[in-house]
Amino acid sequence: MTEKTEKVRALQGVKGMNDMLPADAPLWELFENTARSMLRAYGYEQIRTPIVEHTQLFVRGIGEVTDIVEKEMYSFTDSLNGEQLTLRPEGTAAAVRATIEHNLLYDGPKRLWYTGPMFRHERPQRGRYRQFHQLGAEALGFAGPDVDAEIILMCQRLWDDLGLTNVRLELNSLGQAHERAAHREELIKYLEGFQDILDEDGKRRLYTNPLRVLDTKNPALQEMAANAPKLIDFLGEESLAHFDGVQRLLKANNIPFKINPRLVRGLDYYNLTVFEWITDKLGAQGTIAGGGRYDPLIAQMGGKSAPACGWAMGIERIIELMREEKLVPDVEGCDVYVVHQGTPAAEQAMIAAERLRDAGLNVVLHATTDGKSGSFKSQMKRADGSGASFAIIIGDDEVANGVVQVKELRGAGAEGTGGAQESVPAEGLVEFVIDRMVNAIESDDDDSDEQ
């Protein structure tokens with residue numbers, strides 16, 4: 001009697017924690033390489049912090065009554081020692097913790113940047129994921145409006161370098177703590193008159209974080225929020241001078257912006273300048289980057305008081321915007337694809353591939369499947385599909401005569417099948433291929449000049 005074989009069910013990834021597939025890699029690489037180049041141009045140094053931190057770091061750094069801490073953190077108790085730990089939901093608190101712990105400001109201000117996965121427990125939707133990636137920059141130890149302007153200019157340069165055009169800048173000032181306290185008192189009085197129309201979030205934040213009530217997306221509350229007391233009317237001379245300084249520098253550098261008095265950001269550590277970069281191309285999740293000044297945070301987390309400002313951007317949202325604006329890069333194939341048949345030929349093919357790689361070329365060596373290398377015809381099909389400029393062909397005859405066949409795949413023939421093919425001594429293969437590639441580049445340059 002034969003037993004029934006039970007089919008094993010394939011496991012799937014966690015919803016909201018997405019795979020990056022090979023087809024997506026060119027966009028990510030374009031973004032990452034462009035961002036690194038931009039950050040280098042401004043003198044920022046990379047820092048890497050762990051994915052897991054003590055829960056208290058985010059409670060103290062982000063704020064106990066923020067949405068992140070109240071609803072969105074992935075927190076757990078370490079079974080080894082009972083510590084309360086959290087998967088990092090954002091990068092600033094961790095960067096500041098590392099700065100304090102390693103005394104990075106001992107020899108003066110620092111410009112730092114980081115990138116990596118962040119985690120928030122929320123309902124996955126377009127532009128909002130449980131695991132997402134951020135790029136962030138932090139300027140620590142700088143007090144003036146010039147650095148506020150600089151970090152905003154960095155974002156604009158990145159959009160320009162990527163070719164993004166559908167992005168706009170909104171700006172506000174949150175002033176200092178005593179100014180916010182005076183505004184908070186008046187704001188609570190004002191909001192108490194609307195308790196009958198406040199939604200659940202509004203009622204929850206009324207006495208804990210009333211500024212966030214003004215940031216509501218609820219259409220029924222827009223008129224109430226628009227007519228609320230404005231924080232900017234409570235700012236003193238120094239705060240206004242700082243804000244004016246930022247605006248003046250942005251205007252001097254031809255950066256357009258809109259003052260949004262309701263812009264508060266979702267984290268407790270901000271003061272003075274706050275800003276967001278927004279697009280209309282991604283629906284409800286239109287903010288692709290945001291940040292501002294957070295002077296109290298370093299002292300609040302146990303370090304010696306020092307001013308600071310920075311930004312973070314959601315990489316997935318920017319990748320999505322790049323797709324919307326059709327900024328998908330051309331995918332370059334390898335330089336050489338090596339095809340072969342027979343055991344001695346396979347050995348020579350691997351030697352040839354390694355020599356070509358030693359010379360700095362990108363080489364794909366055809367590998368066997370099910371113990372078979374496949375016919376030359378099927379291998380050449382793969383060679384052409386790889387995008388390679390040349391195919392190197394090695395069989396028994398080539399091994400016996402100490403030669404290889406070099407075929408141009410990007411010649412005049414359809415689908416790369418009609419290019420020239422030459423027999424080349426195996427010892428001279430590298431020089432021959434490089435010479436042909438250089439000639440092809442020079443020929444392309446000449447054609448461009450003529451046009």
Side-chain angles (χ1 to χ4, degrees), residues 58-69 90 92-93 95-97 99-100 105 109-110 137-152 169-191 205-215 225 228-250 257-276 290-312:
F58 302 112
V59 174
R60 195 194 301 182
I62 296 172
E64 216 163 340
V65 293
T66 57
D67 283 354
I68 293 175
V69 171
E90 61 97 51
T92 297
V96 168
R97 189 268 310 150
T99 297
I100 297 168
L105 296 182
K110 285 285 183 292
E138 314 293 352
L140 308 170
F142 302 95
D146 53 340
V147 173
D148 300 36
E150 180 184 87
I151 63 171
I152 293 171
L169 172 63
E170 294 192 352
L171 199 64
N172 193 21
S173 175
L174 300 183
Q176 301 291 8
H178 66 280
E179 294 160 348
R180 287 196 301 280
H183 171 253
R184 184 179 190 275
E185 192 177 324
E186 291 301 314
L187 181 58
I188 288 174
K189 284 181 192 173
Y190 173 80
L191 293 174
R205 291 168 171 162
L206 176 55
Y207 297 106
T208 57
N209 200 350
L211 263 180
R212 293 285 286 138
V213 178
L214 303 184
D215 202 27
K230 293 179 173 52
L231 176 55
I232 200 162
D233 295 332
F234 290 77
L235 301 189
E237 244 178 75
E238 283 187 24
S239 295
L240 286 171
H242 189 99
F243 195 37
D244 288 343
V246 175
Q247 294 177 64
R248 189 169 58 251
L249 289 165
L250 293 179
F257 60 87
K258 172 191 170 187
I259 303 293
N260 178 359
R262 290 166 56 187
L263 175 59
V264 297
R265 303 290 294 149
L267 308 174
D268 279 359
Y269 51 59
Y270 285 113
N271 72 314
L272 294 174
T273 311
V274 288
F275 64 89
E276 288 184 351
R293 183 161 283 282
Y294 53 92
D295 296 335
L297 184 60
I298 295 177
Q300 186 179 310
M301 289 176 56
K304 185 180 177 183
S305 181
C309 60
W311 49 252

Colleague: Can you tell me if W311 uses its side chain to pair, donor with acceptor, with the backbone of I151 under 3.5 Å?
Modeller: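 Here the side-chain-to-backbone pair exists.
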
Colleague: Could you walk me through whether I232 and L240 pass the side-chain contact (heavy atoms from CB on, under 4.5 Å) check?
Modeller: CA-CA 8 Å; I232 200 162; L240 286 171; 4.3 Å; yes

Colleague: So which heavy atom on V147 is nearest to which on C309, and how close?
Modeller: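 Smallest heavy-atom distance, with atoms named: CG1-SG, 3.5 Å.
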
Colleague: Can you check whether A95's main-chain N or O pairs, donor with acceptor, with T99's side chain at less than 3.5 Å?
Modeller: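 Side chain of T99 to backbone of A95, a donor-acceptor pair under 3.5 Å: yes, one is there.
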
Colleague: Under the side-chain hydrogen bond (donor to acceptor under 3.5 Å, both in side chains) test, which residues partner T273, sequence neighbours left out?
Modeller: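 Testing T273 for side-chain hydrogen bond (donor to acceptor under 3.5 Å, both in side chains), a comparison that skips the adjacent residues, returns D148.
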
Colleague: Run the numbers on L250 and I152 for side-chain contact (heavy atoms from CB on, under 4.5 Å), then give the verdict.
Modeller: CA-CA 8 Å; L250 293 179; I152 293 171; 3.8 Å; yes

Colleague: Between CD of E186 and CG of D233, what distance do you get to the nearest 0.5 Å?
Modeller: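 So the CD of E186 and the CG of D233 are separated by 11.5 Å.
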
Colleague: How many angstroms lie between atom OG of S173 and atom CD1 of I259, to the nearest 0.5 angstrom?
Modeller: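 Result: 9.0 Å between the selected atoms.
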
Colleague: With a 3.5 Å distance limit and no angle check, can you tell me whether E90 reaches the backbone of A93 through a side-chain donor-acceptor pair?
Modeller: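 The answer is yes, because a donor-acceptor pair under 3.5 Å joins these two groups.
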
Colleague: For E179, check salt bridge (charged side-chain N to carboxylate O under 4.0 Å, His left out) against everything at least two apart and list the hits.
Modeller: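 None.
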
Colleague: Specify the closest pair of heavy atoms between K110 and L105, including all atoms of both residues, with the distance to one decimal.
Modeller: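 K110 and L105 have their closest heavy atoms at N-CD2, 3.9 Å.
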
Colleague: Show your reasoning for whether side-chain contact (heavy atoms from CB on, under 4.5 Å) applies to Y294 and V96.
Modeller: CA-CA 11 Å; Y294 53 92; V96 168; 4.0 Å; yes

Colleague: Would you check if there is a donor-acceptor pair between the side chains of N271 and D295 at a distance under 3.5 Å?
Modeller: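 Their side chains do contain a donor-acceptor pair, which is all the 3.5 Å distance test asks for.
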
Colleague: Kindly give the heavy-atom pair with the smallest separation between I298 and P307, and that separation in Å.
Modeller: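 Looking at all heavy atoms of both residues, the shortest contact is CD1-O, 4.4 Å.
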
Colleague: Is it the case that the side chain of R180 and the backbone of G175 share a donor-acceptor pair, with hydrogens and angles ignored and the cut-off at 3.5 Å?
Modeller: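 Looks like yes, one N/O pair under 3.5 Å.
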
Colleague: Can you name the closest pair of heavy atoms from H242 and A143 and give their distance?
Modeller: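 The answer is CE1-O, 3.3 Å.
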
Colleague: Return the set of residues passing salt bridge (charged side-chain N to carboxylate O under 4.0 Å, His left out) with K230 (not counting sequence neighbours), or none when no residue passes.
Modeller: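 Per chain and number, K230 pairs via salt bridge (charged side-chain N to carboxylate O under 4.0 Å, His left out) with no residue.
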
Colleague: Only one of L263, L272, L231 forms a side-chain contact (heavy atoms from CB on, under 4.5 Å) with L174, so which one is it?
Modeller: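 Only one option passes, and that is L231.
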
Colleague: Measure the CZ-CZ distance between F58 and R97 for me, rounded to the nearest 0.5 Å.
Modeller: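 Rounded to the nearest 0.5 Å, the CZ-CZ separation comes out at 8.5 Å.
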
Colleague: What is the minimum heavy-atom distance between A308 and L140, and which atoms define it?
Modeller: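 Closest approach of A308 to L140, heavy atoms only: CB-CD2, 3.6 Å.
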
Colleague: If you compare all heavy atoms of G245 against all heavy atoms of P145, which two are closest, and at what distance to 0.1 Å?
Modeller: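 Shortest heavy-atom contact: C-CB, 3.9 Å.
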
Colleague: So, does E170 use its side chain to make a donor-acceptor pair with the main chain of F275 at under 3.5 Å?
Modeller: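 Looks like no, no N/O pair under 3.5 Å.
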
Colleague: To the nearest 0.5 Å, tell me how far I100 CD1 sits from L297 CG.
Modeller: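 Answer rounded to 0.5 Å: 7.0 Å.
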
Colleague: How long is the straight-line distance from CZ of F257 back to CG of L171, given to the nearest 0.5 Å?
Modeller: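 Here the rounded value is 6.0 Å.
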
Colleague: Distance check, rounded to the nearest 0.5 Å: H178 atom NE2 versus F234 atom CZ?
Modeller: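 Taking NE2 in H178 and CZ in F234, the distance rounds to 12.5 Å.
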
Colleague: Is there a donor-acceptor pair closer than 3.5 Å between any side-chain N or O of R293 and the backbone N or O of G144?
Modeller: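 Checked: pair present.
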
